[in-house]
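Any value given below was found using the heavy atoms of this structure, including those in side chains, with hydrogens, waters and symmetry copies removed. Start at 1 and go down the list; that is how both ligands and their atoms are numbered.
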Amino acid sequence: MSVNIPRGTQDILPGTVEKWQHLERIATDICRNYQYKEIRTPIFEHTELFQRGVGDTTDIVQKEMYTFTDRGGRSLTLRPEGTAAVVRSFVENKMFGDPNQPVKLYYKGPMFRYERPQSGRYRQFVQFGVEAIGSEDPAIDAEVIALVMDIYRTAGLRKIQLVVNSLGDTESRVAHREALIQHFQPRIGEFCEDCQSRLEKNPMRILDCKKDRDHELMKSAPSILDYLNEYSRTYFEKVQQYLSALDIEFVVDPTLVRGLDYYNHTAFEIMSQAEGFGAITTLCGGGRYNGLVSQMGGPDVPGIGFAFSMERFLAAMEAESIEWEETNRLDCYIASLGDEARDYTVKLVHDLRKAGMKAERDYQNRKMKAQFKAADRLQAKFVAILGEDELKENKITLKDMETGEQQEVMLEHFVDTLQKKMEEK
Ligand code: AMP
């Protein structure tokens, strides 16, 4: 029988898992500093949630969802992204009534999209995301952007670029939409089928087309920035002013769009500029969605958020050759010789662990030399050696593997002595 891992998924093995944990720790610690609290929603939801919350015309809903019928005949879908479910939960749990507004949440977990797998694109991937729901203050837009930049910077990424744009409010978008239709309509036949169907439904998404990216009409297309009304322009200026005040560098790209009706004002992406990162350079995408909560049956409450995948975060770290700090080094390996000594180490290794130390012993009945080799592989800071003679005298030999220093310790003082030495390191 041969059972292989499904296409577009991966096993995260020991050795790599520690890197994930390191990045997850950075992200969650920073969320805590910024006062974002974790929310956990189900892996699957009613299919309709994503049809409404992600949008019927998007690639995700049209082509990429893992949808199935359960035994009760319900149509369910493995979540392809996090925002729709967080907003559902916000409405269902009436978080709009919480005295602390905006409600600031973060989530982390697997997402599923039936995409063509390639470097940086998986069918199951882990997104880390943030949503701030309940405020339309440009300061919260700047805060959300600052938060994700802080995560990347703290992890050590340097070759990243923040791109921002404004999609304006409904009035600005209606004006821009008309201009886009007039611009593309006469020559829409030269564009791909998707773009042709986007012309009436959602012409802004033509600007996002990968196939027709180089068409001359793309470059001359009307820019949303020329259609922003007073309120939208001031809003965008404020966001930029706050980012500058936080020393966050950015470029404005008027072609950066989010195609759904309820996306408005701030849109942003963070790209990796590291050589060898691969063709897909987007690390993170985010934006403001003032219409989404009411679309989900809640009150008319504004929101903003972002999501990035851990897979691309890790890939960016590798592309920038950032050193990982070794966090799982062993404190002490207990090597023993003889049956009685071996029996004794069962309790000894346990005592070290209870005292909060990373400790290991031999389970293969190996010779002393092989036990030392095992200790080396685990990068043990100390090796404790318990032979039969030592046991008779209630002693154990402690060797500092960095200095080579060796000393005999009474067994009853072993844990304390080692603990002190660890503190001195
Ligand atoms: P989106 O929800 O499409 O705006 O994507 C937000 C972020 O999720 C992207 O910037 C990527 O970091 C990540 N992402 C999206 N799709 C995938 C995928 N198939 N594999 C890995 N990461 C992904």
Does either side chain, that of [X] or that of [Y], offer a donor lying less than 3.5 Å from an acceptor on the other one?
X: Ser89; Y: Thr41; result: no
X: Thr67; Y: Thr77; result: yes
X: Thr83; Y: Glu131; result: yes

key: Sub-4.0 Å heavy-atom environment of ligand 1, residues by chain   =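 Those residues closer than 4.0 Å to ligand 1 by some heavy atom are Arg113, Glu115, Gly120, Arg121, Tyr122, Phe125, Gln127, Arg258, Thr282, Leu283, Cys284, Gly285, Ala307, Phe308, Ser309, Arg312.
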Lys/Arg cation over aromatic Tyr114: Arg123, 6.0 Å, 45° cone =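 Judged by the rule (NZ or CZ under 6.0 Å from the ring centre, within 45° of its axis), Arg123 counts as positioned above Tyr114.
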message = Is the positively charged end of Arg361 above the ring of Tyr363, judged by distance under 6.0 angstrom from the centroid and angle within 45° of the axis?
response =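 That pair qualifies as a cation-pi contact.
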query = Is the Tyr152-Phe313 ring centre distance short of 6.0 angstrom?
reply =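 They qualify: ring centres under 6.0 Å apart.
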